[in-house]
Every structure is written in C-alpha cells, then in structure tokens.
A.B. asks: 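First, the structure itself, so that you have it in front of you.
Below, read A as the first sequence line, B as the second, and so on, with proteins coming before strands; counting in each chain starts at 1. All of these numbers come straight from a predicted model, not from anything done at the bench. Keep in mind that the numbers below use all heavy atoms, side chains included, and drop hydrogens, waters and symmetry copies.
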Number of protein chains: 2
Amino acid sequence: MEYLTDRQKVILMLVIHDYVRNAVPVGSDHLVRHYHLDFSPATVRNEMAALTDMGYLRQPHTSAGRVPSEEGYRYFVGRLQEDVDLPDSTRQTISHQFYQTRHDIDQWGRLAASVLAHQSKAASLVTAPLSETVRFKHLELIATHGRQVLMVLVLGGGDVHQRVFALGEPVNQEQLSNVANRLTKMLSANDLDGVRRLAGAQPAGLEQDVLGWVIAIMERSSTPGFGAFYSDGLSNVLAEPEFASPEETRRALRVLEERSLLEELMTHTFANHPNGVQVLIGGEGNWEELKPFSVVLSQYGAPGLATGMLGVLGPMRMAYGRTISAVRFLSALLSDMLSETLGDDAMR
Amino acid sequence: MEYLTDRQKVILMLVIHDYVRNAVPVGSDHLVRHYHLDFSPATVRNEMAALTDMGYLRQPHTSAGRVPSEEGYRYFVGRLQEDVDLPDSTRQTISHQFYQTRHDIDQWGRLAASVLAHQSKAASLVTAPLSETVRFKHLELIATHGRQVLMVLVLGGGDVHQRVFALGEPVNQEQLSNVANRLTKMLSANDLDGVRRLAGAQPAGLEQDVLGWVIAIMERSSTPGFGAFYSDGLSNVLAEPEFASPEETRRALRVLEERSLLEELMTHTFANHPNGVQVLIGGEGNWEELKPFSVVLSQYGAPGLATGMLGVLGPMRMAYGRTISAVRFLSALLSDMLSETLGDDAMR
DNA sequence: ATTAGCACTCTCGGTATGAGAGTGCTAATT
DNA sequence: AATTAGCACTCTCATACCGAGAGTGCTAAT
C-alpha cells in the first residue's frame, strides 16, 4: 500500500463522504466550495489525479468528477473502523425496544432486522442463534388422527421442532404419552452421540421409530444455515439510484432474495475471521453477484453455546461509519441478551 | 352488465390473452394475423370500439392498440373461473414435493409459497394455519441463568411458543419442573376460558406468575395475523415491465414488504366470502395502493379447527387461469394435509 | 509548491424528424 | 344489413443533433 499525504487523506475522505451522501461524482470545484478548503481547485485536481493513479478513485468518464474505487472504500473503512460509535440517544432507543420484547425470543430476530435496516438504510440480514452442541431436553407425542402422530421436540437452548409421522398401527394417546415420558427421562440432557448410543440399546418398535426421528432432527438442527432467517429493508437498497435501471433492479433482487448466496458468504467469512465486524466491499473479487454491493457482518451470541450472524447488505456507496457501528452495537446487544437467557444451565 | 356477442367475447378473450403474454397493447391487425381470425381487421376494429364503449377495453392513447380494463379482466375471470385446472403432470410434481416434506410441518408454508410463486410467476403469500380454539397441551419450564426462566408452551394443534422471564428469586430446575408438571396436569386440554378459571383459584406466587404468561400467550395466539407469514417471488413481480420505472418499483415494493396491508386485505375478503378462490382486480376500488395489482386468494385448512390463507399478488396483467388453478389446487392440498395431521383429536 | 487560465472532452436535456403502428370513418362489396 | 377495403389522420418511439454545462489536465505564472 502506498503512502498518502495528510492532504490526500482529507480529500479522499471528503470525496467518499460526499459521494455517499449525494451519489453524484465529486468535482474539485464542488469540494473546495462546499467544504471550505484552504487550497484551490487546481490543487485538488492534482491530488485527485494522484489518488486516481494510486487506485483509490475512479473517473466514470473523462469529464466527470471522481468516484471512490473499491480500494478507496477499503482504505477509508480501515482507517475508520476503530473510532465510530452510535450516538447515545440512538443506543438507548434501541436498547429500550429490545427491553420491551425481552420476553419474546421469537421476536428478537425480526426486531434486530428491522432496527438494522432502519439504522443503515440498507437491507439487513439476521440468522437465529444456533446451539453449537445440541442437547435433548423434552419430547412430546400427540396423537392426532388415525395413525398420525405429531412430535414436538424441545432441545437445550429452547430450540423447538415439530414433525408429523404415521405409525404402523394405531396407538392411543395414553400409550404415546408413556413412550414420550420414558424417552424424555432416558434421553434427558444427552447430546447427539449420547442419544445415538442409548438408541442402539433399545429394541425395535415404537420407541425405536421415535428415536430415529429424534436423531434425524438433532442432526439437522446442528447444521449451520438451518435456522430462521430474518431480513428487512430490501426497499432501502432498491431505492438507491444505482439500482434504478431494470436490469440492476433484477440483479439486486436476485441477491437479496437468494438466501443461499448470503449464507455461503457468511459462513465463509466467519470461517476465516470469527471475531469482530467484517466489511466486504464489492464482493472482494470472490462473489461476482455482489460486485455492486458491500456487506457488513458480525457474529453474535455466546461462543461455545449458541451463535448467530447478523449484517447489512447495501450498495458499495454505503454509510460505512453508521452501519459498522450499528452492526457492532446490535451484535453486542444480542450477545448479552442471549447469554443472559441461555446461561450455561440452559445448554445441559 | 351488457350483453356481448360471441364474436365480441372471442375478441375480448384474445386481447386479454395476448396482452397478458406480451404486455403490449393489442392492435386489430396483429390479432387477425396472429390468431388466424376469419374476419377482417376492420371488423375487429368495430368490435373493439364497441368493447371500449362498454368499458371492457381501454386505449392507452389514440393510436395504440387496446388494453383490457379492470372490467374486462373481471368479465374474463368470471367466465373462466369454473373450467381451468392445473395440468396433471404439474399436480403430480407438486404433490410429490409436499409428500417429501410431509413430516416437517414447519416447511409447509415455505414450500407452498415457493410453489405458488413459481406456478403463478408472481409473488405468493401464505399464512400459517391458526387454530380457532386454542387449547393448552403442555408446559415446560427451563432454568437458564440466575433467575431467568425459559418457558416452552405447546398448544393443541402443535403451536409452540417460547417466552423468557425473570423470577423474583432464584428457583432451581427441580422446583421448576415440579411446577411445570403440576400445571400441565391441571390445565391439560383446557381452552382459554378454562385456563382463566383455573388460574383464578390459584394462590399468588410462582404458579400464578407462570399462569399469567400462559394466558397472555393463549390470548395472543388466537388473534388473526399473528402466525408465521411466508412470501416468495417478489422478484417475479418487480421484473414485470409495468414496474420498470423507479417510482413504480418503489410503490410495488411498499405493497409487497408491508405485511399489514395484505393481512387487512385477506381478513376483509374472507369476512365477506369465506369459501372458494377470490380474485380481487385492481384493488376493487377499496385499496388505492393495490391499483396496479390483482390478488388471488383462498382460505385453506379444516374449518372449525384451524385455517390459514394463501394467495398470489401480481400485476393486473396476470395469467389468471394458471394462477387461480394453482391457488385452488394448493389450497385443497394443504387442507388435506392439515386435516390429516390435525384430526379432531389434536384439538382437544 | 501552488494556482490562474484555458482549451478540450464528455454528458445530458431538449428539440426536430421520420418511420411505423393503429385508428376511425366512408364508401364499396357481398 | 353486415362486412371490408381504402385512406387520411394521429400519436408514439427511436434516432440524430445540437448547445449548455461541468469538469478535467496541462501550461505558465506566481
């Protein structure tokens, strides 16, 4: 990386600031006038030319102003990352909102997505926390209709799963309850391996069938990308001028609707950088579809117990400062709430 | 409603068919050539003029072809509704997909939304089924951390709810389990009134606190619009040429993202017409925001037990035949699956 | 090292223009 | 009486063509 003089840094920051605000290429005149710089447009032009040579700025065409390049954004974000924080009043408002839904776990994800979308004015993504070690907690079997059985399985950490299946022969509710109680007692607090081991020792029959389902669910629920997925603020992104044209709109929508790409991105990112807020600018060369986007991501949760991810996807021309601080703040907030709720005991 | 000659009907159908396909105003020449009509363009012009007078067609401007009006679509849909059906092969494919997820209730909604979006090439909406009478089934209390308690409440029909709350003083897991067992035994199979009555007879204390939460959840879970909400295929709609312009895109997105409007629409529609597939064209004058859209809706479920709604929202220029039949088929399919799963027994 | 001056480049909005599509009317035809 | 050929007319859309304006890069002066 090449060195920038202080003045070049100032100019780079201002160009980014202005471009993020107005979505219009920034010219030397405009910059000097608008920010009361104490050097002349010509000087700015020279510096801009230098910044362009170094790859931090781009020119859409010969006679337009400058626009930050991916490199430019990266430099900016690198400098910036440490010292931004959400205003106190905002933090309090958000904390308050979460305080009000503190009892209702199911709402946390939605609220986080909503807050994040609102703060960043971009699209937000939140995955529900996933327990890292799955433990059996409670089993319920409900006779419904003929040989149909509804199974409700509660796992440690409060994951709840439902399945429907049919038995070989009709069984009444009383028998089912007996089986459920016996299995609950037997399996209680076991992890997947434990359940497998105990299942091996059981004779074939109703118990064995149910155990098969329990194991299947416990296997699936520990694979990442399985849990709930909240998203909000798509319209924020599509409202940005860079997605005005129909093809751009389509491209953007494909990315936003296609959950799998984002999951891959998240998993991949955190495999390499598990901690802190990650900023991916323009897909970082790896994701062609994300070229016009930037993504700000963070993990949250209690490491070793349960973790989820949350983040923001927006145009590369994004208010990074605000977004990064929002992601960091929410990640910390959710982590606190989660570890308060799912203390160590809950996982056993 | 005025009478149409057979020839006028043919022409109206063809105009709609062609316009739905190509999104281009239909001219008399084009119609005759493309569909090998055995009368001349001039005749078609006369008939078109008549249809325009009667309000079934519109002219975007003096020298463009004709476009169906809302009235035109309505007439068309009215004639059509009885005799369309999804091709056998499609029905089998869909049935097969559902067969594969038959065990996984949680997936039904998502799958239905996906299939519906795919079949109609528009945006789909599915609400999870909601039990009409809520009955207590099972309660689980899990000590997590300090005085935090995680409560899992299973209601008849398999609704599962989670809440977190804090107790006045620490209570260990054993005590909690005792309380949970006692309350489960006491409340089992009671509806909201029953639970209220039993709660009244309890002394204040831990039990009373828990009962308060149970009642709150049971109250909320019986209000419509509370359950899960699946949606898919937004991009199908936004890809349509009528939403190409930025403002139109925004308008469309507001409608699609704003869940409340659609819920209001659904509730209102089924209050008046509980049965069968409902088609709302252009908002029917009541919903300004839905002016450019049409909505095809149906209820599904076992009436008296649990019902949900599903439907499609797309541009007024919609393939009504296919969409109506898809909605009807899926509604029937889900109803079957639901009543098979939640037979009478499940609701007690 | 900075800046004023200036020629040059490129985009963008507005206007003209002409082809093409489609209509509605009239008069002829069946 | 219904249908159709013929035709003048209207309106849109794509294209081309400016001219204004914004912004640059270079040179020469400060």
A.B. asks: Quick one: does B:S124's side chain have a donor or acceptor within less than 3.5 Å of a partner on B:L116's backbone?
C.D. replies: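 No, B:S124 side chain to B:L116 backbone: no donor-acceptor pair under 3.5 Å.
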
A.B. asks: Mind running a 4.0 Å heavy-atom check of residues 31-52 of chain A against DNA chain D and sending the residues that fall below it, in number order?
C.D. replies: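 Those residues whose heavy atoms fall under 4.0 Å from DNA chain D, taken from residues 31-52 of chain A in numerical order, are A:R45, A:M48.
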
A.B. asks: Check step by step if salt bridge (Lys or Arg N to Asp or Glu O under 4.0 Å) holds for B:R317 and B:E240.
C.D. replies: CA-CA 9 Å; B:R317 187 181 63 74; B:E240 295 295 338; 2.4 Å; yes

A.B. asks: Return the residues of residues 60-67 of chain A meeting this criterion: a heavy atom under 4.0 Å from some atom of DNA chain C. Order them by number, or give none.
C.D. replies: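 Contacts with DNA chain C under 4.0 Å: A:H61, A:T62, A:S63.
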
A.B. asks: Donor-acceptor check, side chain of B:T90 to backbone of B:L86, threshold 3.5 angstrom: yes or no?
C.D. replies: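 Absent.
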
A.B. asks: Would you call the rings of A:H268 and A:W287 parallel, tilted or perpendicular if under 30° counts as parallel and over 60° as perpendicular?
C.D. replies: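 Taking A:W287 first and then A:H268, their aromatic rings stand perpendicular (interplane angle over 60°).
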
A.B. asks: Under 6.0 Å from the CZ atom of B:R7, do we count more than 12 heavy atoms belonging to anything else shown?
C.D. replies: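 Buried by this count: over 12 neighbours within 6.0 Å.
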
A.B. asks: So if I take residues 13-23 of chain A and measure heavy-atom distances to DNA chain C, which residues fall below 4.0 Å?
C.D. replies: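 DNA chain C contact set from residues 13-23 of chain A: none.
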
A.B. asks: Taking B:R66 first and then B:E47, would you say they form a salt bridge - that is, a charged N and a carboxylate O separated by under 4.0 Å?
C.D. replies: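 No salt bridge links B:R66 with B:E47.
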
A.B. asks: Near A:R21 CZ, under 6.0 Å, is it more than 12 heavy atoms from other residues, nucleotides or ligands?
C.D. replies: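 No, CZ of A:R21 has 12 or fewer neighbouring heavy atoms, counting only those of other groups under 6.0 Å.
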
A.B. asks: Donor-acceptor pair, B:R110 side chain versus B:Y230 backbone, under 3.5 Å?
C.D. replies: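 Not at all, since once roles are kept as given, no pair shorter than 3.5 Å links the two residues.
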
A.B. asks: Given side chains that start at C-beta, do those of A:F39 and A:V44 come closer than 4.5 Å, heavy atoms only?
C.D. replies: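 They are in side-chain contact.
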
A.B. asks: Tell me if the aromatic rings of B:Y19 and B:Y73 count as close, with their centers under 6.0 Å from one another.
C.D. replies: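 For B:Y19 and B:Y73, the ring centres are not under 6.0 Å apart.
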
A.B. asks: Between B:D232 and A:E257, is any pair of side-chain heavy atoms under 4.5 Å apart?
C.D. replies: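 A side-chain contact exists here, since the closest heavy-atom pair is under 4.5 Å.
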
A.B. asks: Tell me every residue that passes side chain to side chain donor-acceptor pair (under 3.5 Å) with A:S331, counting only those two or more places apart in sequence or in another chain.
C.D. replies: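 For A:S331 the side chain to side chain donor-acceptor pair (under 3.5 Å) partners, ignoring immediate neighbours, are A:S298.
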
A.B. asks: If you walk 5' to 3' along DNA chain D, what is the first nucleotide with an atom under 4.0 Å of a heavy atom in chain B, and what is the last?
C.D. replies: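 Terminal contacting nucleotides, 5' to 3': D:dT3 to D:dT12.
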
A.B. asks: Decide yes or no for A:V67 and A:Q59: does some side-chain heavy atom of the first lie under 4.5 Å from some side-chain heavy atom of the second?
C.D. replies: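 SC-SC contact between A:V67 and A:Q59 ruled out.
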
A.B. asks: Considering only heavy atoms from C-beta outward, does the side chain of A:L253 approach that of A:F243 to under 4.5 Å?
C.D. replies: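 They are not in side-chain contact.
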
A.B. asks: Is the backbone of A:R58 close enough, under 3.5 Å, to the side chain of A:S69 for a donor and an acceptor to pair up by distance?
C.D. replies: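 No, because the side chain of A:S69 does not come within donor-acceptor range (under 3.5 Å) of the backbone of A:R58.
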
A.B. asks: Need the bend value for the helix from C:dA1-D:dT30 to C:dT30-D:dA1: angle between end axes, 5 pairs each end, nearest 10°.
C.D. replies: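 Rounded to the nearest 10 degrees, the bend comes out at 20°.
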
